[in-house]
Amino acid sequence: MKILVINLGWEQQPLIAALKSAGHSLHGIHCTAPEQPENFESVRILDLRDLGGIRAHARALRPEAVVSDQCDYSMFAQAVVSEDLGLPGPRVAQAQLACNKWLQRDRSREAGLDIPAYACVTSLAEARSKAETIGYPVILKPVDNRGSFGVNKVDDPGTLAE
């Protein structure tokens, strides 16, 4: 089976090794030259946010499957390719929900789940206002990012700008 693997970093090495040992033809997309290029018949270097470039490459390659398990950007790219080529995998709406922490909280609240107070802010002034409403300490987290990257605990108003 011809499989397109999106994002070839260390987190995906067990998946890549399993696919390779199962005899699949692997083709990769990565933001830089991969550490183990010998696992791939081809690797295309693309920014993982270049959805047009990724889609065009996938259309030309015509994979039978597309996989990614490393980050929000690669999962979103997988969803775009899967949906575009009619392959199994997440759909764009599912990837948006899986990757967007604000949407997750909003949907959870709508479903009646008990979740901590939250707000979506786009400026320091909004952050100050919402933090005063919610109360300190607050946790600031990017809407769409990998795991805990960019997460900050703010204990008092004096350190919010930092």
Start with the C-alpha gap between Val81 and Ile54, add the side-chain angles, then the distance that decides, and say whether side-chain contact (heavy atoms from CB on, under 4.5 Å) holds. CA-CA 8 Å; Val81 171; Ile54 292 169; 3.7 Å; yes
Which value, rounded to the nearest 0.5 Å, describes the distance between Ile45 atom CD1 and His30 atom NE2? 8.5 Å
Around Lys20, counting heavy atoms of other residues, nucleotides and ligands shown, do more than 12 lie under 6.0 Å from its NZ? yes
Would you list the pairs meeting salt bridge (Lys or Arg N to Asp or Glu O under 4.0 Å) in which at least one residue belongs to residues 150-162, sequence neighbours left out? Lys153-Asp155
Is there a path of hydrophobic side-chain contacts, each under 4.5 Å between heavy atoms of I/L/V/M/F/W/Y residues, joining Val80 to Leu48? no
All heavy atoms of Ser42 vs all of His27, minimum pair found to be OG-ND1, 2.7 Å
To the nearest 0.5 Å, atom SG of Cys31 lies from atom CG of Asn7 at 6.0 Å
Rounding to 0.5 Å, atoms CE (Met1) and CG (Leu26) come to a distance of 11.5 Å
Minimal heavy-atom distance between Val92 and Glu83, with the atoms involved, is N-OE1, 3.0 Å
Tell me whether Leu46 shares a hydrophobic cluster with Tyr73, the cluster being built from Ile, Leu, Val, Met, Phe, Trp, Tyr side chains joined at under 4.5 Å. yes
With clusters defined by side-chain heavy atoms of hydrophobic residues (ILVMFWY) lying less than 4.5 Å apart, directly or transitively, does Val154 cluster with Tyr118? no
Non-neighbouring partners of Pro157 that pass side-chain contact (heavy atoms from CB on, under 4.5 Å), sequence neighbours left out: Glu132, Tyr136
What residues, two or more places apart in sequence or in another chain, satisfy side-chain contact (heavy atoms from CB on, under 4.5 Å) together with Glu38? Gln36
Kindly work out whether a path of hydrophobic side-chain contacts (I/L/V/M/F/W/Y, heavy atoms less than 4.5 Å apart) joins Ile134 to Leu124. yes
I'd like to know if the side chain of Gln104 and the backbone of Ala98 have a donor-acceptor N/O pair within less than 3.5 Å. yes
Looking only at heavy atoms, the pair that brings Ser108 and Ile115 closest together is CB-CG2, 4.1 Å
Pair Leu8, Phe40 - check side-chain contact (heavy atoms from CB on, under 4.5 Å), show working. CA-CA 10 Å; Leu8 314 177; Phe40 299 91; 3.6 Å; yes
Tell me, do Leu51 and Phe76 make a side-chain contact under 4.5 Å, heavy atoms counted? yes
To the nearest 0.5 Å, what is the distance between SG (Cys120) and NZ (Lys101)? 13.0 Å
Report the C-alpha distance between Ile29 and Leu4 in whole Å, list the side-chain angles of each, state the deciding distance to 0.1 Å, and finish with yes or no for side-chain contact (heavy atoms from CB on, under 4.5 Å). CA-CA 8 Å; Ile29 291 177; Leu4 176 60; 3.8 Å; yes
Who pairs with Asp47 by side-chain contact (heavy atoms from CB on, under 4.5 Å), at least two apart in sequence or on another chain? Arg49, Asp50
Would you name the heavy atoms of Arg44 and His57 that are closest together and state the gap between them? NH1-ND1, 3.2 Å
Do the side chain of Gln78 and the main chain of Val66 share a donor and acceptor less than 3.5 angstrom apart? yes
So, for Ile6 and Gln12, which heavy atoms are closest and what is the spacing to 0.1 Å? O-NE2, 3.0 Å
side-chain contact (heavy atoms from CB on, under 4.5 Å) filter on Ala18, not counting sequence neighbours, yields none
Residues 108-127 vs salt bridge (Lys or Arg N to Asp or Glu O under 4.0 Å), sequence neighbours excluded, gives Asp106-Arg109
ILVMFWY network linking Val121 to Leu103, side-chain heavy atoms under 4.5 angstrom: no
Distance (rounded to the nearest 0.5 Å) between Leu113 CG and Arg107 CZ: 13.0 Å
Ignoring hydrogens and angles, tell me if any N or O in the side chain of Ser129 forms a donor-acceptor pair with the backbone of Ala125 under 3.5 Å. no
Closest approach of Cys99 and Met75, non-hydrogen atoms and distance? SG-SD, 3.9 Å
Mind checking the CD-CD1 spacing from Glu64 to Ile3? Nearest 0.5 Å is all I need. 8.0 Å
